[in-house]
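Written below as structure tokens is the structure these notes are about.
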Number of protein chains: 2
Amino acid sequence: MSLPHAILTALLEKPSSGLELTRRFDRSIGYFWSATHQQIYRELGKLEQAGHIRALPSETPARGQKKEYEVLPAGRAELAEWTRRVEDPKPIRSALLLRLRAAAVVGTEGMADELRRHLALHQAQLDEYLGMEKRQFPPERDTEADRLRHLVLRGGIELERFWVVWLTEALEGLDGLEARDRTGP
Amino acid sequence: MSLPHAILTALLEKPSSGLELTRRFDRSIGYFWSATHQQIYRELGKLEQAGHIRALPSETPARGQKKEYEVLPAGRAELAEWTRRVEDPKPIRSALLLRLRAAAVVGTEGMADELRRHLALHQAQLDEYLGMEKRQFPPERDTEADRLRHLVLRGGIELERFWVVWLTEALEGLDGLEARDRTGP
DNA sequence: GGGTACATGTAAATAGTTACATGATTGG
DNA sequence: CCAATCATGTAACTATTTACATGTACCC
């Protein structure tokens, strides 16, 4: 039940249309909770029905026309209630770790290339986060909201750093194994 | 499409019944791809239909009776093909990071307690992984499969370590904010 | 007027969760 | 025999993904 709350947060930061939300998800909130435009439109409909958001009055409320939403008091209350809820962390799901484990049984062929590819992707994501950190959180700004958002971004940064470090180590180990396969133990 | 492959891997490591698989998921593979017994039974049915696994012959193949499965060559081939596939990492989903971001907008009340609770849970998981590492990967054992499985466990360990470090820092930041709220800036 | 980007949406399929049903085996 | 545990399964619901449909606005 996180998507509606992700949307409420985004809309509180700035009232937006469905497509604008989709784009903002691709750049910021979506780094921790991604969503496609179809999910977002559907969820906007539900949130509107529930009285948590409303469409800003517009001259031409028709298909193909931009429709902007803003959060109503009930939506803000729901979001606040959500932040205070007790909710256990969900176990991570990593197809890559799973595939490596499968490779332990059926062989590591092709794995090293795939790890290198993932390493490059995580390195790129890390660089992007570091750029965002520099641009959005210069040392002088320091409101409470800024500090919290910075904390969240630091989480993203350290997670990507974890992957970069782990993948680098994994590749060293795997290259060792593959060299041994080629030359014999 | 990872669950069937997680099951194939587990069955290759050791032929099992549905309930045995469920328990093994709770302890090992499930750390990176969790699943409930309902998901597992449903998937076992599909894998059997697809000819990837088969039930070991039994005298009484009835409801309430244990039914053991083993992997057929086609299943092993499918798993090997999967490990060689090109597949991008999926963006992480963390409801906690999301909730912290929401708290930046609607207030941090209750957040510190929740972070402390998560910190304790991740610390416990880390300790469990470290215990598994000690028991399952003593320095002397060093087959290829062992090294790969150890690598996967190291991934789990470092991920939990990330959470422990990040949550500790986050709590320091948050306590600073809340102290400032109480005493004024 | 034709293409492209913008914008919203429907439909269907897959994946995951939650609640409940049913039968076997075993120990008291 | 009854409760607890083991074991398999059905059903319904929620969430997510993928493919496609439709309409508007603007530029050439």
Side-chain angles (χ1 to χ4, degrees), chain A residues 1-8 11 15-26 29-30 32-50 53-56 58-69 82 87-95 98, chain B residues 1-8 10-11 15-26 29-50 53-56 58-69 82 87-95 98:
Chain A
M1 280 287 291
S2 297
L3 180 57
H5 301 103
I7 291 176
L8 286 173
L11 285 182
S16 308
S17 68
L19 198 58
E20 276 165 18
L21 275 179
T22 304
R23 285 204 248 277
R24 288 174 55 203
F25 264 68
D26 286 345
I29 291 213
F32 310 110
W33 205 276
S34 60
T36 61
H37 79 275
Q38 291 85 344
Q39 269 181 289
I40 288 171
Y41 283 121
R42 191 149 24 90
E43 207 60 49
L44 283 171
K46 284 192 205 167
L47 284 167
E48 190 176 20
Q49 269 214 318
I53 63 174
R54 69 161 183 186
L56 291 180
S58 144
E59 319 79 57
T60 52
R63 187 173 185 140
Q65 289 294 328
K66 192 152 97 171
K67 203 159 130 196
E68 290 218 302
Y69 291 94
W82 181 63
E87 205 174 86
D88 284 349
K90 289 221 200 126
I92 49 135
R93 291 202 155 171
S94 166
L98 208 56
Chain B
M1 280 285 294
S2 296
L3 180 57
H5 302 103
I7 291 176
L8 286 173
L11 285 181
S16 308
S17 67
L19 197 58
E20 277 166 17
L21 274 179
T22 304
R23 284 204 248 277
R24 289 174 56 204
F25 263 69
D26 286 345
I29 290 214
Y31 288 141
F32 310 111
W33 206 276
S34 60
T36 61
H37 80 275
Q38 293 85 346
Q39 268 181 289
I40 288 171
Y41 282 121
R42 188 147 30 91
E43 207 60 48
L44 283 171
K46 285 191 204 170
L47 284 167
E48 190 176 20
Q49 269 215 317
I53 63 174
R54 68 162 184 188
L56 291 179
S58 146
E59 319 79 58
T60 52
R63 187 174 185 138
Q65 288 294 328
K66 191 151 98 171
K67 201 159 131 197
E68 289 217 304
Y69 292 94
W82 181 64
E87 207 174 84
D88 284 350
K90 288 220 202 127
I92 50 135
R93 290 202 156 171
S94 166
L98 209 56

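Reminder, nothing fancy here: chain letters follow the sequence lines and each chain counts from 1. FYI, side chains are in, hydrogens and waters are out, and symmetry mates aren't considered; it's all heavy atoms of this structure.
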Query raised in the report: With respect to the side chain of B/Met1, which nucleotide from D/dT8, C/dA15, D/dT16 is positioned closest?
Result: C/dA15
Query - Anti versus syn assignment for C/dA24, with syn defined as within 90° of 0 - result: syn
Under 3.5 Å, which donor-acceptor pairs link side chains of residues 18-26 of chain B to any protein atom two or more places apart or in another chain?
residue	atom	partner	partner atom	Å
B/Glu20	OE1	B/Ser17	N	3.3
B/Glu20	OE2	B/Lys66	NZ	3.0
B/Thr22	OG1	B/Gly18	O	2.9
B/Arg24	NH1	B/Ala10	O	3.2
B/Arg24	NH1	B/Lys14	O	3.0
B/Arg24	NH1	B/Ser16	OG	2.8
B/Arg24	NH2	B/Ala10	O	2.9

Requested in this report: Verify side-chain contact (heavy atoms from CB on, under 4.5 Å) between B/Glu87 and B/Trp82, making sure each step is shown before the conclusion.
Outcome: CA-CA 9 Å; B/Glu87 207 174 84; B/Trp82 181 64; 3.8 Å; yes
Query - DNA chain D contacts made by residues 39-50 of chain B, counting heavy atoms under 4.0 Å - result: B/Tyr41
Query - With sequence neighbours excluded, residues passing salt bridge (charged side-chain N to carboxylate O under 4.0 Å, His left out) with B/Arg54 - result: B/Glu70
Query raised in the report: Taking for each residue the nucleotide of DNA chain C bearing the nearest heavy atom, is the 5' side occupied by A/Ser17 or by B/Thr36?
Result: A/Ser17
Query - Length of the line joining B/Ile7:CD1 and C/dG16:C1', which is rounded to integer Å - result: 13 Å
Query - Test item: B/Glu43 side-chain N/O and B/Ile40 main-chain N/O as donor-acceptor pair under 3.5 Å - result: no
Query raised in the report: Does any nucleotide pair with D/dA15 by Watson-Crick or G-U wobble geometry, both distances under 3.5 Å, and what is it?
Result: C/dT14
**Report entry** Integer-rounded Å distance: D/dT16 P and A/Phe25 CZ
**Finding:** 11 Å
Query raised in the report: Do the side-chain N or O atoms of A/Lys67 get closer than 4.0 angstrom to the phosphate oxygens (OP1, OP2) of C/dG9?
Result: yes
Query raised in the report: Between B/Ile92 and A/Ile92, is a side-chain contact (heavy atoms from CB on, under 4.5 Å) present by the stated rule, with each step listed?
Result: CA-CA 8 Å; B/Ile92 50 135; A/Ile92 49 135; over 6 Å; no
Query raised in the report: Nearest nucleotide by nearest heavy atom, which residue falls closer to the 5' end of DNA chain D, A/Ala35 or B/Leu19?
Result: B/Leu19
Query raised in the report: B/Arg93 has an atom CZ; how far is it from atom C1' of D/dT16, in whole Å?
Result: 7 Å
Query raised in the report: Between A/Tyr69 (OH) and C/dA7 (C1'), how many Å, whole number?
Result: 12 Å
Query raised in the report: Rounded to the nearest Å, what distance is computed from the CD atom of residue A/Gln38 to the C1' atom of nucleotide C/dT14?
Result: 15 Å
Requested in this report: Write down the partner of D/dT5 under the Watson-Crick or G-U wobble criteria, each distance required to be under 3.5 Å.
Outcome: none
Query raised in the report: NE2 of A/His37 versus P of D/dA19: gap in Å, rounded?
Result: 13 Å
Query raised in the report: A/Glu68 CD to C/dA7 C1': how many Å, rounded?
Result: 12 Å
Query raised in the report: Rounded to the nearest 0.5 Å, how far apart are CG of A/Leu47 and NE2 of A/His5?
Result: 8.5 Å
**Report entry** Between OH on residue A/Tyr41 and OG1 on residue A/Thr36, distance to nearest 0.5 Å
**Finding:** 11.0 Å
Requested in this report: Find the distance A/Lys90:NZ to C/dA15:P and express it as a whole number of Å.
Outcome: 17 Å
